[in-house]
Structures are given as C-alpha cells and as structure tokens.
Amino acid sequence: MTCTCGHHAESLVSHRQVEQIEQLVAEFFRSHALRILAQSHADVNSPSAVKQAMLEHYEHIFTAFADEMPYAFMHITYPNAAEAEAELKRTFAGKQPSPVDLLQFSCRDAHAHSHMIAAYRHCFATLLEGYLP
C-alpha cells in the first residue's frame with residue numbers, strides 16, 4: 001500500500017513509519033491466519049479452506065490485534081518507550097483507554113491511524129476472500 005495522500009508534511013509520523021505500520025498489520029494478519037489455519041488443519045493453498053477457517057474465527061481477530069499491535073506501533077511512532085508512556089499517561093489521565101483509543105494513540109496521529117485502518121481492512125478482506133495477505 002503506497003501512500004499518495006500528500007499529508008506527510010502535516011504528520012508527526014514519517015512516510016517510512018507509516019509503511020512500517022502497514023507492514024506490521026500485514027504481518028499480524030498473515031501470522032494470525034497461519035496459526036488459525038494450522039489449528040484448524042486447513043489447507044493454506046485452498047481459498048475455500050482459508051475463507052471457512054477465517055469465518056469461523058473472525059470475531060477473535062480484532063481482539064488479538066488490539067491486544068498485540070498498539071505496543072508494536074508505539075515502538076515505531078515514538079522515539080522511545082519513556083516518551084510513549086508519558087504521553088499515554090497525559091492523554092488518558094488515569095483512565096483505561098478502550099482498545100480503539102489505544103490503537104489510535106499508538107499510531108500517534110490521524111494520518112498514520114487512517115493508514116493503519118486501511119491496511120487492516122485490506123488484510124481482513126483478503127482473508128475473507130480466502131487468501132493470505
């Protein structure tokens with residue numbers, strides 16, 4: 001997924017960081033799908049088997065994504081863990097962020113977040129079509 005939106009100058013996140021986020025999203029979906037397919041004994045080369053396995057487990061994908069990915073994204077979008085932690089505390093002031101809030105925060109700005117969402121949707125759709133991202 002190549003960015004052609006032209007918003008990088010306004011973004012806290014560089015073009016390279018956005019590409020890294022998109023790559024991590026694809027890697028998550030691929031590894032998560034392969035784990036499900038192995039557990040289901042489904043043929044990874046069969047689009048109908050991939051689609052069926054994903055349909056049986058699709059409700060767990062977002063939960064796993066929201067549990068695993070924010071910290072990987074923060075590693076990309078913040079200079080260091082201390083700055084990410086300080087900003088997290090300032091942003092949520094002792095409140096527990098929702099999974100969606102944490103994903104948005106971890107992308108650091110709306111530009112990177114919109115690219116993460118687009119990559120997520122693309123990978124999810126690819127799986128539901130029966131193919132690995």
Side-chain angles (χ1 to χ4, degrees):
M1 299 183 134
T2 303
C3 177
T4 58
C5 68
H7 291 103
H8 293 289
E10 305 160 15
S11 179
L12 295 170
V13 180
S14 72
H15 177 72
R16 179 69 185 127
Q17 289 169 313
V18 168
E19 288 177 338
Q20 289 174 322
I21 288 170
E22 291 170 337
Q23 183 179 7
L24 279 177
V25 171
E27 289 172 5
F28 165 83
F29 272 92
R30 184 170 182 77
S31 66
H32 192 72
L34 287 171
R35 192 169 34 250
I36 289 170
L37 294 168
Q39 292 168 353
S40 302
H41 305 288
D43 179 2
V44 299
N45 297 311
S46 167
S48 62
V50 171
K51 184 176 182 176
Q52 184 60 41
M54 292 301 105
L55 287 172
E56 291 172 4
H57 294 89
Y58 79 94
E59 71 275 3
H60 303 291
I61 294 173
F62 177 75
T63 302
F65 187 84
D67 286 345
E68 296 175 28
M69 299 311 292
Y71 305 100
F73 296 156
M74 280 186 255
H75 181 72
I76 292 169
T77 60
Y78 285 86
N80 57 60
E83 187 173 323
E85 184 177 348
E87 185 65 25
L88 187 65
K89 287 179 182 178
R90 270 192 305 278
T91 300
F92 296 105
K95 297 177 217 153
Q96 182 65 33
S98 72
V100 172
D101 290 339
L102 192 55
L103 281 165
Q104 186 172 8
F105 171 85
S106 69
C107 290
R108 197 162 187 195
D109 69 17
H111 176 248
H113 185 246
S114 69
H115 280 271
M116 183 274 297
I117 290 171
Y120 182 98
R121 289 177 177 160
H122 173 76
C123 291
F124 201 93
T126 300
L127 286 175
L128 293 180
E129 290 171 359
Y131 300 97
L132 294 174

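Shown here is R35, whose CZ atom has more than 12 heavy atoms of other residues, nucleotides or ligands within 6.0 Å. Remark: Y71 OH is loosely packed, at most 12 non-hydrogen atoms of other residues, nucleotides or ligands lying under 6.0 Å away. A 6.0 Å sphere centred on CZ of F92 holds more than 12 heavy atoms belonging to other residues, nucleotides or ligands.
One finds the CE atom of M54 at 11.0 Å from the NE2 atom of H60 (value rounded to the nearest 0.5 Å). Here the straight-line distance linking atom CD of E83 with atom CG of L88 works out to 12.5 Å at 0.5 Å rounding. Taking CZ of F62 as the start and CG of D67 as the end, the distance is 9.0 Å to the nearest 0.5 Å. The line from CD1 of I117 to NE2 of H122 is 15.5 Å long, rounded to the nearest 0.5 Å. Atom CD of E19 sits about 8.5 Å away from atom OG of S14, to the nearest 0.5 Å. Between atom NE2 of residue H115 and atom CD1 of residue I21 there is a gap of 9.5 Å, rounded to the nearest 0.5 Å.
Taking both residues in full, the closest heavy atoms of L102 and P70 are given as CG-CB, 3.8 Å, listed atom of the first, atom of the second, then distance. For the residue pair A66 and P99, the shortest heavy atom distance occurs at CB-CB, 3.7 Å. Minimum heavy-atom separation, P97 to D101: CB-CB, 4.0 Å. For A33 against L132, the heavy-atom pair with the smallest separation is CB-CD2, 3.7 Å. The two residues I76 and Q17 have their closest heavy-atom pair at O-NE2, 2.7 Å. Across all non-hydrogen atoms, the minimal contact from A53 to A42 is CB-CB, 4.4 Å.
Using a 4.0 Å cut-off between a side-chain N of Lys or Arg and a carboxylate O of Asp or Glu, R30 and E27 do not qualify as a salt bridge.
Note: the hydrophobic cluster containing L127 also contains M116 (ILVMFWY, side chain heavy atoms under 4.5 Å, direct or indirect links). F28 is connected to L37 through a chain of hydrophobic side-chain contacts under 4.5 Å among Ile, Leu, Val, Met, Phe, Trp and Tyr, so both are in one cluster. Transitive grouping of hydrophobic side chains (ILVMFWY, heavy atoms separated by less than 4.5 Å) keeps M74 and Y120 in distinct clusters. Side-chain heavy atoms closer than 4.5 Å link hydrophobic residues (I, L, V, M, F, W, Y) into clusters, and following such links, even through other members, never connects Y78 to V18. Hydrophobic clustering (ILVMFWY, side-chain heavy atoms < 4.5 Å, transitive): L34 and V50 are in one cluster.
You'll find the ring centres of F105 and F73 outside the 6.0 Å limit.
Residues passing the side chain to side chain donor-acceptor pair (under 3.5 Å) test with E129, sequence neighbours excluded: none.
At a threshold of 4.5 Å between non-hydrogen side-chain atoms, the residues L55 and L128 count as touching. Between I61 and H32, some side-chain heavy-atom pair lies under the 4.5 Å cut-off.
Checked by atom type and distance alone, the side chain of R108 pairs as donor or acceptor with a backbone atom of T77 at under 3.5 Å.
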* Start with the C-alpha distance between M69 and L24, add both sets of side-chain angles, then the distance that settles side-chain contact (heavy atoms from CB on, under 4.5 Å), and finish with yes or no. => CA-CA 8 Å; M69 299 311 292; L24 279 177; 3.7 Å; yes
